Amino acid sequence: MPKIGYYVVMTQQDIPKAYEPKKVEDSIYQRWEESGFFNPDKLPGQRQRAFTISMPPPNATGILHIGHAVMLAVQDLVIRFQRMNGKKALWLPGSDHAGIATQTKVEKLLKDKEGKSRHDLGRAEFLKRVDEFVAASRNTIKNQVKKMGSSCDWSRERFTLDEGLNQAVNHAFKQMFDDGLIYRGDRIVNWCPRCSSTLADDEVEYQNQQGKFYYIKYGPFVVATTRPETKIGDTAVAVNPNDQRYQQYLGQDLAINLGKINIKVKVIADESVDPEFGTGTVGVTPAHSLVDFAMAQKNNLPIIQVIGPDGKMTDQAGVYAGLTVEDCRSRFVKDLTDAGLIDKIEEIDNNLSICYRCGHVIEPLISKQWFIDVNKPVKKFNGQSIKQRALGVVTDGDIKIIPERFNKIYYHWLENLRDWCISRQIWYGHRIPVWYRGEEIYVGQAAPTGEGWQQDPDTLDTWFSSGLWTFSTLGWPQSSKDLKTFHPTSLMETAYDILFFWVARMIIMSTYLVEQIPFREVYLHGLIRDEQGRKMSKSLENIIDPLDTIAKYGADATRLSLVIGTAPGNDSNISEAKIEGYRNFVNKLWNISRYILMKVKSPKVVDRAPKAKTLADQWILAELHQLTDFVTKNLEQYNFSLAGEKIYEFTWSNLADWYVEITKSEDDKDEILLYILTQLLKLWHPFTPFVTEEIWQKLNAKELLMVQSWPQAKVKIAEKDVLSDFQLVKDIVTAIRNLRTESKLPPAQRLRAVIISPTKHQLISQQSVLIKNLARLEELVVLSKGTKPSESLSAILTQAEIYLPVSGMLDIVKETKRLEQEADRIAEFVTHLEQKLSNEHFVERAPKDIIANEKIKLVQNQERLAKIRQQLEGLQ
RNA sequence: GGGUUCGUAGCUCAGCUGGUUAGAGCGCUUCGCUUACACCGAAGAGGUCAGAGGUUCGAAUCCUCUCGGACCCACCA
């Protein structure tokens with residue numbers, strides 16, 4: 001027998017009592033993959049509209065972590081929903097070379113294992129090592145992505161260093177260079193001496209720390225600084241223009257002695273100096289401070305670089321040349337102290353700039369780098385800059401960010417964006433497509449012909465290529481069919497912490513290069529924390545590894561725990577207990593299915609709603625259809641949690657706890673049970689693809705669940721009446737069970753009950769078999785009117801009085817107390833309603849339907865209260 | 001300094017554009033191995049929705065302030 005034989009041969013008795021994800025998940029994934037349906041070109045049926053998600057490419061460095069797991073769970077949910085919804089659904093996977101991150105990682109491995117640096121190996125050999133590492137790592141990640149059940153199109157998998165993407169990068173660079181948006185210049189940049197590379201502004205992190213604030217006697221001034229060694233490179237001293245104390249010195253050139261060093265500074269006035277802070281005077285170090293650099297440009301100051309790219313003092317530092325920054329600082333401070341030039345030293349809180357990749361302290365310094373001009377007017381944007389354009393597509397609503405509040409953050413970031421430094425002095429990445437020969441410069445796709453051309457040794461910022469991701473992966477700059485079909489993509493789903501790094505840059509690059517938005521909607525999920533809300537980290541030993549939880553509880557349970565109980569853009573805490581809870585749920589779904597499969601004569605898919613034969617049938621169908629409607633709407637609006645909770649509730653509370661129990665006493669349920677199961681599996685599929693597919697196959701389905709069409713909510717039943725009628729039945733059953741428990745009647749004891757209901761006795765009579773079975777009654781008498789049987793427990797509902805005669809066993813004291821409590825509770829509610837309805841303003845201004853509803857509630861509860869009081873009198 | 005966000009049952013969280021006697025899961029109590037499921041079932045207990053004002057007929061939901069937690073951006077010379 002072919003592969004499907006596995007399912008055919010299996011008899012219903014063989015269905016295990018407990019669902020075992022580990023045994024089935026891999027083979028189900030394999031079936032999906034072999035079906036080819038991950039590829040939108042191979043999907044069945046006529047599909048006009050495309051739905052595209054570009055998977056945020058995980059870094060080629062590591063292992064799948066819980067953050068990736070959320071992203072995969074959410075995106076797979078959306079893409080499966082859209083695929084079932086008849087869309088040409090493409091989820092394009094890939095990975096990112098992550099220049100600095102990967103190079104840092106490999107350098108560390110190299111050092112730990114062989115004690116060598118990248119320079120010991122040389123560029124070519126080092127890159128070979130990186131490629132080997134990345135190849136292995138990418139393969140690992142790919143397998144882990146599959147473990148989550150991700151239905152992405154592996155035939156379109158891309159890597160940022162692929163040939164095609166490399167061409168896209170070069171093309172983008174050349175186009176922007178030709179348009180004058182990319183330029184090369186000497187500017188102050190964030191320099192990481194450890195990485196020996198520049199960093200973008202947003203790649204710098206800050207660490208709060210206790211530092212020393214040195215007050216240095218500085219000619220006629222006292223200048224305060226946290227970094228004394230940079231004072232060697234001062235070329236000015238700045239004061240606030242309004243500061244009366246220093247007016248006399250403005251414009252003067254002063255020679256300052258700093259112990260073993262003499263410097264020359266000009267006294268300048270600058271608004272940015274806060275007269276209140278420190279001494280109100282600032283030593284200006286143009287080469288090693290962003291702010292000072294700006295001041296130097298404004299005032300035409302000389303620039304002296306005293307710290308080199310290697311983190312050591314340059315020759316300009318005189319006697320300190322060659323020392324590391326740290327050594328220089330202590331030597332310099334000692335020399336100043338010896339010379340009596342230290343006024344005082346204070347402790348101060350300050351922010352240390354550190355490299356986001358390696359944690360080393362950042363040295364701002366001046367360097368010749370490549371930049372993208374974000375403020376230059378662009379002709380095709382009618383004079384707007386690329387930054388204004390990126391703002392416009394969001395303010396105009398072309399791109400919708402969910403949740404909306406991130407709009408503000410996005411705007412703020414873009415409005416303050418400075419030119420983007422795109423060159424990196426690392427080896428791993430896209431080599432800058434620029435060649436030099438003497439004074440000549442050539443920019444192009446490939447090396448120019450002719451002798452003596454040298455390519456720029458630098459590589460591009462990783463985010464430059466990531467910025468092209470939505471379209472470079474679809475064949476750009478060629479005008480490919482994929483690009484036409486799938487771009488702009490539909491949804492960008494990612495964590496909010498990457499909004500600037502990536503989302504904003506994709507918008508800049510796409511609007512400029514393709515003249516299309518990269519995606520229509522951005523859905524930002526929160527970060528996952530541990531059960532106490534702490535970040536997950538190795539040192540806290542609180543890491544939840546999705547691969548572990550998949551092995552232990554299954555991919556479906558892991559997915560549910562990441563999708564339900566969370567709100568967009570909000571961080572969420574996760575614990576193993578939560579995942580365990582969803583494992584239990586998946587098992588519940590399994591067992592409901594097991595029950596149905598064992599009960600029906602021939603398991604099959606039922607897509608047409610069967611005729612309801614009983615009230616219970618009508619009720620469960622009405623619930624199912626309402627559910628379908630609700631879930632569809634909420635999935636369309638990315639309210640995954642709400643949708644999931646609702647299906648959960650239907651599955652466990654309505655189907656399992658009530659309807660399945662009912663089918664044990666009502667006959668002829670095959671069609672309807674199979675219909676409900678069919679629809680339910682479809683609704684659950686985007687959330688829990690594995691278990692639903694596994695059950696689906698047991699329905700002797702020929703096709704895979706993943707390509708079935710999404711259920712339509714066709715509601716024909718008079719739902720309101722059905723729902724309220726069935727609610728009364730449920731209330732009666734619950735009330736009887738409650739009486740039994742409260743009065744400690746043995747669960748097995750069959751009881752007799754009398755129900756009196758003037759308005760609903762017919763309904764209750766019709767449902768008496770059901771009520772008897774569910775409430776474990778021996779006999780049920782239903783009357784339209786009558787009096788309470790003697791010596792009986794009573795429960796008064798709004799539409800029915802229920803009596804359980806317990807001759808000789810009635811505890812009058814207890815029963816009185818119980819009824820009194822009930823009466824008090826209702827009396828309180830009645831008072832509340834009376835007050836509300838006697839409020840003129842309420843009656844005047846509230847909507848009519850609300851008032852009508854309150855009136856009904858009042859009447860019902862007044863009657864109910866009266867009857868309970870009657871009972872109480874009867875007990876006296 | 002600017003901004004965002006959270007504070008709802010013991011714990012983890014849902015509650016959309018204001019109208020339910022405020023919900024879920026876990027935990028807890030009391031029963032129960034009723035042939036789908038003990039990864040279960042039945043019945044319960046448990047909350048003045050951080051605090052104080054305000055808008056409104058009506059506020060957990062909107063506004064202001066206070067307190068407490070988290071985060072982002074800027075910046076500290």
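Source: prediction; values computed, not measured. Because only heavy atoms are used, hydrogens play no part in the values below, and waters and symmetry mates are left out as well, while side chains stay in. Labels below follow one simple rule: chain letters A, B, ... track the order of the sequence lines, proteins then strands, and each chain is numbered from 1.
The stretch residues 223-238 of chain A touches RNA chain B through A:Ala224, A:Thr225, A:Thr226, A:Lys231, each having a heavy atom within less than 4.0 Å of the strand. Using a 4.0 Å cut-off on heavy atoms, the residues of residues 830-839 of chain A that approach RNA chain B are A:Asn839, listed by number.
Residues A:Gly283 and A:Ala656 each lie close to RNA chain B; by heavy-atom proximity, the contact nearer the 5' end of the strand is made by A:Ala656. For A:Phe213 and A:Trp413, each mapped to the nucleotide of RNA chain B holding its nearest heavy atom, the one lying further toward the 5' end belongs to A:Trp413.
The main-chain N or O of A:Phe630 is found under 3.5 Å from a side-chain atom of A:Asn634 such that the two form a donor-acceptor pair. Between the side chain of A:Asp292 and the backbone N or O of A:Pro286, no donor-acceptor pair lies under 3.5 Å.
Under the ring pair (Phe, Tyr, Trp, His ring centres under 6.0 Å) test applied with A:Tyr496, the options A:Phe406, A:Trp502, A:Tyr410, A:Phe501 reduce to a single match, A:Phe406.
In summary, A:Glu828 and A:Arg825 do not engage in a salt bridge, as defined by a charged side-chain N under 4.0 Å from a carboxylate O.
When the side-chain hydrogen bond (donor to acceptor under 3.5 Å, both in side chains) test is applied to A:Gln637, no partner is found at least two apart in sequence or on another chain. Every residue two or more places apart in sequence or in another chain was checked for a ring pair (Phe, Tyr, Trp, His ring centres under 6.0 Å) with A:Tyr553, and none qualifies. The side-chain hydrogen bond (donor to acceptor under 3.5 Å, both in side chains) test applied to A:Glu645 returns A:Ser641, not counting sequence neighbours. A:Leu837 is linked by a side chain to side chain contact (heavy atoms under 4.5 Å, CB included) to A:Phe842, A:Ile851, A:Glu854, A:Lys855, A:Leu858, counting only residues two or more places apart in sequence or in another chain. Applying the side-chain hydrogen bond (donor to acceptor under 3.5 Å, both in side chains) test to A:Arg505 and every residue at least two apart in sequence or in another chain returns A:Asp202.
For B:rU20 and B:rA24, the C1' atoms lie 16 Å apart once the distance is rounded to whole Å. Across the C1' atoms, B:rG18 and B:rG54 are found 15 Å apart, a figure rounded to whole Å.
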Protein-nucleic acid N or O pairs under 3.5 Å, nucleotides 10-13 of chain B:
unit_1	atom_1	unit_2	atom_2	d
B:rU12	O3'	A:Asn573	ND2	3.2
B:rC13	OP1	A:Asn573	N	3.3
B:rC13	OP1	A:Asn573	OD1	3.2
B:rC13	OP1	A:Asn573	ND2	2.8
B:rC13	OP2	A:Asn573	ND2	3.1
B:rC13	O3'	A:Gly565	O	3.4
B:rC13	O2'	A:Gly565	O	3.0

Collect all protein-nucleotide pairs involving nucleotides 42-49 of chain B in which both atoms are nitrogen or oxygen and the distance is under 3.5 Å.
unit_1	atom_1	unit_2	atom_2	d
B:rA42	O3'	A:Arg737	NH1	3.4
B:rA43	O3'	A:Asn738	ND2	3.0
B:rG44	OP1	A:Asn738	ND2	2.4
B:rG44	O5'	A:Asn738	ND2	3.1

Under 3.5 Å, which N/O atoms of the protein pair with N/O atoms of nucleotides 5-7 of chain B?
none

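Contact check, A:Asn584 against B:rC40: a side-chain N or O comes under 4.0 Å of OP1 or OP2.
With hydrogens and angles left out, the side-chain atoms of A:Asn240 and A:Tyr246 include no donor and acceptor closer than 3.5 Å.
In RNA chain B, runs of at least 3 stacked Watson-Crick or G-U pairs (N1-N3 plus N6-O4 or O6-N4, or N1-O2 plus O6-N3, all under 3.5 Å) give these stems: B:1-7 with B:67-73, B:10-13 with B:23-26, B:28-32 with B:40-44, B:50-54 with B:62-66.
Taking the centre and axis of the six-membered ring of A:Phe213, the NZ or CZ atom of A:Lys344 falls outside the cone set by 45° and 6.0 Å.
Applying the salt bridge (charged side-chain N to carboxylate O under 4.0 Å, His left out) test to every pair with at least one member in residues 403-418 of chain A, sequence neighbours left out, gives these pairs: A:Asp201-A:Arg418.
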